[in-house]
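For reference, the structure discussed in these notes is given below.
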There are 2 protein chains.
Amino acid sequence: MSGSHPQTKERPRSLEARIQEHLPELPSSERKLAELILDFPGELSAYNATELAKLAGVSKAAASRLFKRLGFRNFEQARRLVRDIKQWGSPIYLHERQQDSSPLPSEKQAFLDDHVTALTRTFDQLSAADIEAALQRIVDARRIWLVGYRNSYFMAAYARWQFIQFRPRVDLLPHPGETLGEHVTEFAPDDLLIAVGMRRRVPELDRVMQAAQERDMPVLYITDSLAGDKPFATWTLRCDISSSFLFHSYVGPMGLIHYLSVQAVRLTGKAGRLRLEDIEIAHEKMRDFDD
Amino acid sequence: MSGSHPQTKERPRSLEARIQEHLPELPSSERKLAELILDFPGELSAYNATELAKLAGVSKAAASRLFKRLGFRNFEQARRLVRDIKQWGSPIYLHERQQDSSPLPSEKQAFLDDHVTALTRTFDQLSAADIEAALQRIVDARRIWLVGYRNSYFMAAYARWQFIQFRPRVDLLPHPGETLGEHVTEFAPDDLLIAVGMRRRVPELDRVMQAAQERDMPVLYITDSLAGDKPFATWTLRCDISSSFLFHSYVGPMGLIHYLSVQAVRLTGKAGRLRLEDIEIAHEKMRDFDD
DNA sequence: TGGCCGCTGAAATCATAATTTCAGCGGCCA
DNA sequence: TGGCCGCTGAAATTATGATTTCAGCGGCCA
């Protein structure tokens, strides 16, 4: 965007590309280090030159010489390149990708890896006991209230959509044009509040949860792995939302809600399946769908 | 390394956990930095204390004090902790753990596999040309209109939330209490309509897309892999939503929207990043957040 | 064999990052 | 009001990491 980016002038080649290019002419100690870098498993930029040298079993001097020879002013410059390409990308770098004969093994792969890690951690962390209890309540509750603000709103919306597939009376709060207070007075002990609160949370969420607790209504709190405990939550389910890119990954919560939905239908048994069929028939009659 | 073998068995308290614990008692400048760290989506250990301080808008002294207060000997120790914990959570480690101690009950594994398959297929199928063009338009459009019904509504809501992080004028249609018609008259050639339409689509979606086309406004159509072509779509991006369970998996579309968001910010360049910072500052001023 | 050459790592030097000090500020309370 | 106290960032200090120097080594070839 800004007309004269300093980056624009520099050569946009990635560290790996530069290594590939120089590999044949590298002396042995530097090559040892270069090869270590090429199949380095973690985040290269999290390590300093001394550590890399030690890992490759060469001297610090060799490391320093390698980066010079690759055309960097110093090690620090290389480290930044690696880090910033991952975080911001560079328009030039991305553009180059299309023509490049041997492109980076598709950056898409890195996004995919991120999401898979988040999902795996989410499923791994789930508290079986809380899941069990919450599921039973999702099925038995007279009424379900869903609430989520900001980045959590769409997850509450997703949960609502799923839940109304197999049970009635699932409300997403607040309804447009209404304040929360109007609904809170309806909270009842045999209802369930599901509060979705990923960072960053707004104080309002606490107030809703507290209101539920004061009315003896259980609360299922769905949040991120790093969140502290909430005294108002009856059950807490945590999701990993970490990503190495600019925005968090919400595939974890999606997986969790999908899981809850499928298991809830199973628990519901025949009634839930019948409801699914009813909805289908109703739509059919109204010719709601395109295809 | 030094002679003693590192203790890989004990899981050390994470940096984030320590921050959560101390958050209430932190003075404002240190808290600002702590907040930044909690929200940090990238690889924290790739940054040094000076940079983090600058990003948070506090002095280096504050950074140094924060890590001391959190119980670390110094910043370096914290940085290593973050880096090494990441290794703990790496897919390889997670995989081993599944076989070893507490295996994921095989059914959770099956859910996980489903989502991973859906994500992989989604990323594999993406049309590079359409992505490229759509991205440019997401950045350049004067105004973006988002629409999605039924099961697609929450994805449109997610996309809106992401996009307003880096650009203004992103509308989710229809606004509560209004009909679509009122907005359609505002459609303009240099705007963009993003229509999310997973199975099963309602006829209304077609009408909106058609209206856009009639007004020479380009349309990005996000749909499922099995959908037929839409004559009203300028670009089409398809996601795999298949699942072996009762409900579809929508992690594919989530991954796609996440990808579009990250790449769009990159394209936007400095302007987008500045906007991210502005939003953060505005929130700070309004004391919008809980923690 | 002897001389050249480039490579190597240890150690010296240099550069930069992290920590500590310190003076000033602002809230709080007697 | 004045004195205390904890917070703050600029600047001084210290620690750590990176680079450069340098002596020694080993291959190569006349």
Side-chain angles (χ1 to χ4, degrees), chain A residues 6 10 15 18-19 22-37 40 42-84 87, chain B residues 1-3 6 15 18-19 21-37 40 42-84 277 280-281 284-285 287:
Chain A
E10 289 169 22
L15 174 62
R18 294 197 197 197
I19 291 179
H22 289 95
L23 205 53
E25 68 205 47
L26 289 180
S28 84
S29 79
E30 290 172 44
R31 177 185 298 214
K32 239 160 84 182
L33 180 52
E35 280 174 353
L36 176 93
I37 291 171
F40 200 77
E43 218 8 74
L44 190 71
S45 53
Y47 293 75
N48 61 38
T50 308
E51 290 173 300
L52 293 177
K54 204 172 283 178
L55 286 171
V58 301
S59 69
K60 302 195 295 168
S64 202
R65 279 191 291 259
L66 171 63
F67 291 100
K68 275 266 161 62
R69 202 188 303 259
L70 293 177
F72 295 100
R73 206 174 54 255
N74 53 31
F75 172 75
E76 186 57 21
Q77 198 189 40
R79 164 199 258 252
R80 298 249 167 142
L81 177 77
V82 170
R83 188 183 75 185
D84 295 343
Q87 189 59 226
Chain B
M1 284 281 134
S2 58
L15 172 63
R18 293 197 200 200
I19 290 179
E21 185 183 324
H22 289 93
L23 207 52
E25 70 205 45
L26 288 180
S28 84
S29 80
E30 289 173 46
R31 176 186 294 224
K32 231 157 97 184
L33 181 53
E35 295 279 355
L36 178 94
I37 292 171
F40 207 79
E43 183 59 34
L44 191 71
S45 54
Y47 293 73
N48 62 38
T50 306
E51 290 172 300
L52 292 176
K54 200 171 288 174
L55 286 171
V58 301
S59 68
K60 302 193 297 167
S64 202
R65 280 191 291 259
L66 171 64
F67 290 99
K68 276 264 160 58
R69 204 187 302 258
L70 294 177
F72 296 100
R73 209 173 53 256
N74 53 32
F75 171 75
E76 187 55 23
Q77 198 189 40
R79 165 199 259 252
R80 299 253 164 134
L81 177 77
V82 169
R83 201 180 66 188
D84 297 343
E277 284 160 27
E280 188 60 25
I281 291 163
E284 186 67 27
K285 283 199 187 126
R287 301 179 184 285

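The sequence lines fix the lettering, A, B, ..., with proteins before strands; numbering per chain opens at 1. Computed from a predicted model, the values in this text were never measured in an experiment.
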The contact string for nucleotides 9-16 of chain C, one letter per nucleotide 5' to 3', using protein heavy atoms under 4.0 Å with B, S and - for base, sugar-phosphate only and none, comes out as BB------
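Contact annotation for Ser64(A): base contact, defined as any heavy-atom pair under 4.0 Å involving a base atom.
Nearest heavy-atom pair, Ala78(A) versus Phe67(A), reported as atom, atom and distance to 0.1 Å: CB-CD2, 3.6 Å.
Annotation: side chain of Leu15(A) is in contact with side chain of Leu44(A) (closest heavy-atom distance under 4.5 Å).
In the set dT20(C), dA18(C), dT19(D), the nucleotide with an atom closest to the side chain of Ala49(B) is dA18(C). When each of dA18(C), dG17(D), dC7(D) is scored by its nearest atom to the side-chain atoms of Phe75(B), the top-ranked nucleotide is dA18(C).
For the pair Gln77(A) (side chain) and Arg73(A) (backbone), a donor-acceptor distance under 3.5 Å is present. Distance alone, capped at 3.5 Å, places no donor-acceptor pair between the Arg79(B) side chain and the Asn74(B) backbone. Within the 3.5 Å criterion, the main-chain N or O of Ser45(B) finds no donor-acceptor partner in the side chain of Arg83(B). Checking side-chain atoms of Glu35(B) against main-chain N and O of Lys32(B) turns up no donor-acceptor pair under 3.5 Å.
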Parsed dot-bracket for DNA chain C after applying the Watson-Crick and G-U rules with both distances under 3.5 Å and | for other-strand partners is ||||||||||||||||||||||||||||||
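Put simply, CG on Leu52(A) is 12 Å from C1' on dG17(D), counting in whole angstrom units. Distance Lys68(B) NZ to dC7(D) P: 16 Å, rounded to the nearest Å. Here dT16(D) presents its P atom at 14 Å from CZ of Arg79(B), a figure rounded to the nearest Å. In this structure, Leu66(A) atom CG and dC7(C) atom C1' are separated by 14 Å, rounded to whole Å. Rounded to whole Å, atom C1' of dA17(C) lies 10 Å from atom CD of Glu51(B). Taking atom CZ of Phe67(B) as the reference point, atom P of dA17(C) lies 16 Å away to the nearest angstrom. Look at CZ on Arg80(B): it is 13 Å from P on dA18(C), rounded to the nearest Å. The distance between atom CG of Leu70(A) and atom P of dT19(D), rounded to the nearest whole Å, is 12 Å.
Take Ser59(B) and apply the side chain to side chain donor-acceptor pair (under 3.5 Å) test, not counting sequence neighbours, and it matches no residue.
A side chain to side chain donor-acceptor pair (under 3.5 Å) with Arg69(A) is found for one member of His22(A), Glu25(A), Glu30(A) and no other, namely Glu30(A).
Between dT8(D) and Ser28(B), a contact under 4.0 Å exists linking OP1 or OP2 to a side-chain N or O.
Across the interface with DNA chain D, nearest-nucleotide mapping of Glu76(B) and Leu26(B) shows Leu26(B) to be the residue nearer the 5′ end.
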_Let's go through Leu66(B) and Ile19(B) carefully: what are the C-alpha distance in whole Å and the side-chain angles of both, what is the deciding distance for side chain to side chain contact (heavy atoms under 4.5 Å, CB included) to 0.1 Å, and is it a yes or a no?_
CA-CA 9 Å; Leu66(B) 171 64; Ile19(B) 290 179; 5.6 Å; no
